[in-house]
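For reference, the structure is listed below as structure tokens.
The structure displayed is predicted, hence computed values, not measured ones. What's counted below: heavy atoms across the whole structure, side chains too, no hydrogens, waters or symmetry copies.
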Amino acid sequence: MSASQRYRLRNPASGREIVIEAEPGEIYRDRENGEPMEVVGKMLPLAPSSSRLPWSVDNLRFCSWCGQLAQKDLNDCPTCGRRMGPLGPPAGDR
Ligand SMILES: [Zn+2]
């Protein structure tokens with residue numbers, strides 16, 4: 001069983017960042033110049049999840065049933081399991 005976890009890696013020299021499904025302990029190198037990348041963060045949501053979106057404000061919405069945060073690419077609320085309605089206007093736009 002391999003639930004892939006996505007990590008954010010950065011090349012300290014160039015500052016370039018990539019997001020890949022990485023295994024802990026492996027060394028990953030920048031595809032362009034072969035420089036080693038360092039892990040700067042683990043991407044949320046943690047695997048396994050039905051959403052591929054990072055857990056950030058831009059990708060979240062409030063469930064109309066329970067008011068908890070849910071990723072926008074999900075149809076069913078991960079908290080209460082109910083089907084959420086169509087997306088409303090972005091928060092702060094009213
Ligand atoms: Zn809910």
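Of all the heavy atoms in Trp65 and Cys80, the pair that sits closest is CB-SG, 4.0 Å. Nearest heavy atoms, Glu35 versus Ala13: OE1-CB, 3.5 Å. Taking all atoms of both residues into account, the shortest heavy-atom contact from Thr79 to Gln68 is OG1-CB, 3.4 Å. Annotation for Pro12 and Pro36: closest pair CD-O, 3.5 Å, computed over non-hydrogen atoms. Of all heavy-atom pairs spanning Arg29 and Gly34, the tightest one is NH1-O, 3.0 Å. Nearest heavy atoms, Leu74 versus Arg61: O-NH1, 4.0 Å.
Rounded to the nearest 0.5 Å, atoms SG (Cys77) and CZ (Arg82) are 9.5 Å apart. Separation of atoms CG (Asn33) and OG (Ser14) is listed at 6.0 Å; rounding is to 0.5 Å. Residue Ile20 holds its CD1 atom at 9.5 Å from CD of Glu26, rounded to the nearest 0.5 Å. Distance CG/Asn11 to CD1/Ile18: 9.0 Å, rounded to 0.5 Å.
Considering only heavy atoms from C-beta on, Val19 stays 4.5 Å or farther from Tyr7 through its side chain. Side-chain contact check for Leu9 versus Glu38: every heavy-atom pair is 4.5 Å or farther apart.
Tracing side-chain contacts under 4.5 Å through hydrophobic residues (I, L, V, M, F, W, Y), one never reaches Val40 starting from Met37; they form parts of separate clusters.
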Q) Step by step, would you call Arg16 with Asp30 a side-chain contact (heavy atoms from CB on, under 4.5 Å)? A) CA-CA 9 Å; Arg16 207 167 75 87; Asp30 194 318; 2.7 Å; yes

Q) Under the side-chain contact (heavy atoms from CB on, under 4.5 Å) criterion, do Lys72 and Leu60 qualify, and how do the steps go? A) CA-CA 5 Å; Lys72 284 179 181 172; Leu60 294 173; 5.9 Å; no

Q: Before giving the answer on salt bridge (Lys or Arg N to Asp or Glu O under 4.0 Å), spell out for Arg8 and Glu17 the whole-Å C-alpha distance, their side-chain angles and the decisive distance to 0.1 Å.
A: CA-CA 7 Å; Arg8 215 171 73 204; Glu17 292 193 354; 3.1 Å; yes

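In this structure Arg83 satisfies the salt bridge (Lys or Arg N to Asp or Glu O under 4.0 Å) test together with Asp76, sequence neighbours excluded.
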